[in-house]
Amino acid sequence: MRRTALLSQVLAVNTLLVVATVFAASVAARLDLSDASGARQFLVLVAAILATLLANNFVMRRRFAPLESLTRTMECVDLTIPGIRAQPQHGEPADVARLRQAFNLMLSRLESERSGSATAVLRAQEAERARVARDLHDEVNQALAAVSLRLAATAEHAPPEFAEELAETQRLAGQAMQELLGLARELRPSALDDHGLLPALRTQVRLFGERWGIPARFAADGTRPLLGEFEQLVVYRVVQEALSNIARHAHAENVKVTVMGCNGAQVKVSVIDDGVGLAPERVRDGGSGLVGMRERALLAGARLEIVPTAGGGTTVELTVRARGARSS
Ligand SMILES: Nc1ncnc2c1ncn2[C@@H]1O[C@H](COP(=O)(O)OP(=O)(O)OP(=O)(O)O)[C@@H](O)[C@H]1O
Ligand SMILES: [Mg+2]
């Protein structure tokens, strides 16, 4: 069912009331339209009705404008872009002001609850990844190492006709160990815990280049950016997803990852490729990778921008506030 706007309803009721009142008044005054003075009086009445309705329309629209503006703000609120608030309007009535304040309060609560629960989910996910990575590394990898050693020992005493088969099995066990370690590293980069963000990123970029055969460079203007543990993890994961996207979608010939502002209040991390570029609607609508990047950036209070690289390709830029830096 189509609903009529409140303003239209009020205007319609007012129009009816004015017309009905004037009609009743003209009946009561026994207005006679057959003579000239009666017709003149009637015209004056019609002009008065029109003037009243116009004035009523003008005043009502002005009174309803703050409500309209509040509705527009409510319609465009997006919790993934925090900080949008309904602004006070000139001539705002008290009840609209109350509604606006209640709406802003509700937004603040929603934003903080959303951020709290999303951070908890992310932390739980990272803890689970770390546990699985540890199990892969400590248990499955140890078991494969033992198999490999046993194979080596068996090969020493085995008849020569089994030598080739045993060597091949050993090679496969070695390959499985390498893949397992790679998987564990992707799940939870121990370099991040052991050596810090920059060495972990450097290793990530080097392994990316080796794996995909795309020349990949890494540069930083310092050694230890002043970032908290959560922010470092966010940077690492954003770079990981950006590199994975380059490998899968970009057809790039060169990749560069830079970390600038290591000693400053804002650390800027860029992942630059010279590939086919990313269509703007994909930036907006993205798959779960781009959405995940945005979500992480949001939770770390960072700014994520995905822009075309000059000369072709895509640049993913993450700007994170350093620890202790005041928000602007
Ligand atoms: N560096 C890039 N160059 C070109 N296209 C890109 C690049 N990064 C992303 N895209 C495009 O944006 C789309 C969305 O990327 P997104 O990471 O969100 O999803 P995905 O990589 O397709 O899947 P997943 O959820 O596994 O990450 C991709 O399908 C791809 O078309
Ligand atoms: Mg992706």
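Order of listing sets the numbers, starting from 1, for every ligand and every atom in it.
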Tell me the nearest of [options] to [atom], using heavy-atom distances.
atom                    : options          : answer
atom 1 (N) of ligand 1  : D274, V271, D273 : D273
atom 28 (C) of ligand 1 : M293, H249, H251 : H249
atom 9 (C) of ligand 1  : T315, L278, V316 : L278

Do side-chain atoms of [X] reach the backbone of [Y] as a donor and acceptor pair under 3.5 angstrom?
X    : Y    : answer
T21  : L17  : yes
S148 : A173 : no
E317 : T315 : no
N141 : L136 : no

Indicate yes or no: does [X] engage [Y] in a salt bridge with an N to O separation below 4.0 Å.
X    : Y    : result
R109 : E111 : no
E295 : R114 : yes
K256 : D273 : no

Heavy-atom contacts with S288 under 4.0 Å: which atoms of ligand 1 show up? List them by number with element.
->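 The list of qualifying atoms is 18 (O), 24 (P), 25 (O).
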List every atom of ligand 1 that sits less than 4.0 Å from any heavy atom of G277, numbering the atoms from 1 in the order shown and giving each element.
->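 Numbered from 1, ligand 1 contributes 4 (C), 5 (N).
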In the protein, how many N/O/S atoms are under 2.8 Å from the Mg ion (ligand 2)?
->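 The number of such protein atoms is 2.
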For residues 216-228, dump all side-chain donor-acceptor pairs below 3.5 Å to protein atoms at least two apart in sequence or in another chain.
{"unit_1": "D221", "atom_1": "OD1", "unit_2": "G261", "atom_2": "N", "d": "3.2"}
{"unit_1": "D221", "atom_1": "OD1", "unit_2": "C262", "atom_2": "N", "d": "3.0"}
{"unit_1": "D221", "atom_1": "OD2", "unit_2": "G261", "atom_2": "N", "d": "2.8"}

Single-linkage hydrophobic cluster, 4.5 Å side-chain cutoff, V269 and L298 together |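 No.
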Measure L290 to ligand 1 on non-hydrogen atoms and call it side chain, backbone, both or neither using the 4.0 Å cut-off.
->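 Both of them.
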Is I246 close to ligand 1, meaning an N/O of one under 3.5 Å from an N/O of the other?
->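 No, no N or O pair falls under 3.5 Å.
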